[in-house]
Amino acid sequence: MQSSEIRRKFLEFYQSRGHAVIPSAPIVPENDPTTLFNSSGMQPLVPYLLGQTHPAGKRLVNSQKSFRAPDIEEVGDNRHTTFFEMLGNWSLGDYFKKEQLPWIFEFLTKELGLDPQRLCVSVFEGTKDVPRDEESVEIWKSLGFSDDRIFFYGAKKNWWSRSGEPEKMPPGEPGGPDSEMFFDFGPERKIHESSQCKDQPCHPNCDCGRYLEIANSVFMQYVKKDDGTLAELPNKNVDFGGGLERLTAATIDNPDIFQTDMFTSLYRYIEALTGKKYGAVAEETRAMRIICDHVKAAVMMSADGVIPSNKTQGYVLRRLIRRSLLYGRQLGLTHDFLYVGKLVAPVAEIYKEAYPEVLQQTDAIAVILQEEALRFGKSLERGLSEIEKVKTLDGKIAFYLYESYGFPWEMTEEIAREKGQQVARAQFEEEFKKHQELSRTAARGMFKGGLADHGEKTTQLHTATHLLHAALRKVLGEHVGQKGSNITAERLRFDFSHPGKLTNEELEGVEGLVNEKIKEDLAVTFVVMDKEEALNSGALAFFGERYGDKVKVYSIGSFSKEICGGPHVSFTGTLGHFTIVKGEALGAGVRRIYAMLQ
Ligand code: SER
């Protein structure tokens with residue numbers, strides 16, 4: 001089956017069951033500074049899974065452009081990609097297991113025509129805090145799954161939250177047990193026997209690739225509390241995700257997702273360019289897959305406004321392009337780097353229905369990618385000439401090449417081999433680990449905006465931030481506009497436009513006004529309205545809204561009115577005493593304030 005047909009069928013299937021179709025959010029989250037990329041359909045829906053009202057209702061369905069940067073090194077096998085499309089449906093406190101599991105089973109077997117005998121399922125085996133999921137087991141049995149096709153796993157495999165198992169979830173993070181569905185490509189292909197795990201027994205979560213995970217129903221009913229325990233969410237939610245590339249592979253009974261219509265035109269182009277054949281030589285097939293995935297991801301990212309740089313998303317984009325070019329070298333594409341730009345049109349063609357924004361920008365994206373490729377071409381020449389100068393390529397130099405020129409390990413090894421040298425992989429990996437630690441530390445400091453979590457204290461400080469914003473505009477004037485904010489459980493930080501230093505009187509005035517509004521115990525309420533209507537009504541807006549044209553507008557009494565996703569407290573009286581602890585200049589015309597609640 002073609003991927004576009006599967007996408008359409010999925011949306012229609014859930015639409016006919018009362019779901020509103022919501023558009024895919026951009027790959028770069030618009031209002032969530034805790035992460036660089038949307039990596040699943042639920043990511044933009046977190047506030048609603050936590051209990052806020054979604055403007056489109058309680059049943060939602062969509063197809064979400066997703067990008068998983070941590071998977072970059074895994075790309076090259078038959079089923080991993082960095083960019084993928086996730087089909088998702090959600091129940092926000094509406095239906096639960098007994099609707100979701102039969103529906104998705106019906107979709108896979110009736111709509112997509114998958115043989116039920118080739119499906120198996122996994123179920124959460126339980127922990128000391130959360131019981132084994134007997135209800136799902138009963139439902140799967142009633143749908144015809146015999147015991148030998150129902151598998152139990154613990155939290156590592158059958159618990160889903162954005163941060164993994166319950167112990168890894170930060171306060172305010174939603175999560176829950178899940179039930180996955182796998183398509184079995186069959187024992188006759190002898191996939192397991194020819195894999196690295198051949199000495200271990202095969203099972204659905206085995207790394208061999210005989211089974212492909214194609215559907216994941218998460219029963220999102222818990223939230224991590226500030227004290228580290230799990231609490232029940234106000235709603236029992238369903239968060240379903242299924243990778244479109246994998247679903248397509250299952251429908252054509254081919255375990256290689258690169259042979260679906262979502263990739264074939266891309267590798268065919270590379271075949272034509274290099275004269276090599278996909279599938280003929282393992283290393284070359286791997287290189288082709290990496291190029292297909294990385295260029296596609298780079299195109300989709302560029303279509304959403306990312307440009308190559310040395311920071312955040314731009315750096316990831318740069319890395320994708322560089323890696324594509326390096327793997328291109330393995331296929332003999334050593335000088336003409338412009339092919340990355342020529343792959344833009346086939347990518348746009350694949351997504352012309354679902355994401356027309358790619359087609360609309362084909363030329364512009366091609367220019368961006370080609371310019372970056374040419375820049376890297378020069379850097380590559382320099383890197384290679386540096387290699388010529390060194391006598392021994394040790395692991396440290398290999399890492400330097402990786403870091404400075406983006407040379408992956410395999411490529412350095414191959415250069416080294418040409419020079420008759422060996423490079424110690426262990427030393428390279430040691431350097432790599434140190435680097436990872438450093439970037440993790442940097443990342444912690446880098447994601448400076450927004451809410452650190454959705455815990456009670458952070459939520460209180462979020463409401464206080466709205467009060468502060470309104471108070472600043474009252475005391476200093478309407479030129480004050482939000483430039484950024486960062487809220488943790490300990491304090492809020494608010495950046496705003498204002499030309500000069502605040503006088504003591506002004507600071508006291510702002511602080512006093514916020515405390516006055518806290519004492520008045522004002523109700524915090526929201527309404528859903530059209531974006532235009534919201535802006536015309538005087539609501540302050542700083543971020544593009546995310547879901548169609550409908551937005552939520554939070555009001556605090558008649559004092560403050562802002563477009564915002566929440567969460568907030570219900571009454572200001574619960575906030576305690578507000579104190580400004582520090583004010584400073586951030587740059588030309590931008591000031592920063594730190595404040596706390598006690
Ligand atoms: N959030 C789950 C996942 O990403 C299901 O949508 O797998």
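In listed order, ligands and their atoms are each counted from 1.
- Near Met42, meaning under 4.0 Å from any of its heavy atoms, are these atoms of ligand 1: 1 (N).
- Figure legend: cation-pi geometry between Arg7 and Phe10 absent, as NZ or CZ is not positioned both under 6.0 Å from the six-membered ring centre and within 45° of its axis.
- Atoms of ligand 1 found under 4.0 Å from any heavy atom of Phe240 (numbered from 1 in listed order, with element): 5 (C), 6 (O).
- Those atoms of ligand 1 with a heavy atom of Asp239 less than 4.0 angstrom away are 1 (N), 2 (C), 5 (C), 6 (O).
- Interface of Gly241 with ligand 1, defined as ligand atoms under 4.0 Å from a residue heavy atom, comprises 5 (C), 6 (O).
- Of all atoms in ligand 1, numbered sequentially from 1 with element shown, those under 4.0 Å from a heavy atom of Arg68 are 4 (O).
- Applying the side-chain hydrogen bond (donor to acceptor under 3.5 Å, both in side chains) criterion to Glu99, with sequence neighbours excluded, gives no partner residue.
- In summary, the atoms of ligand 1 found under 4.0 Å from a heavy atom of Ser40, numbered by their order in the structure, are 4 (O).
- Under a 4.0 angstrom heavy-atom cut-off, Met86 registers as being in contact with ligand 1.
- Separation of the Phe219 and Phe124 ring centroids does not fall under the 6.0 Å cut-off.
- Close contacts between ligand 1 and Val218 involve ligand atoms 2 (C), 5 (C) [criterion: under 4.0 Å to a heavy atom].
- Taking the side-chain hydrogen bond (donor to acceptor under 3.5 Å, both in side chains) definition, one finds that Gln100 meets it with Asn89, Ser217, sequence neighbours left out.
- A salt bridge links Arg59 with Asp94: the closest approach of a Lys/Arg side-chain nitrogen to an acidic carboxylate oxygen falls below 4.0 angstrom.
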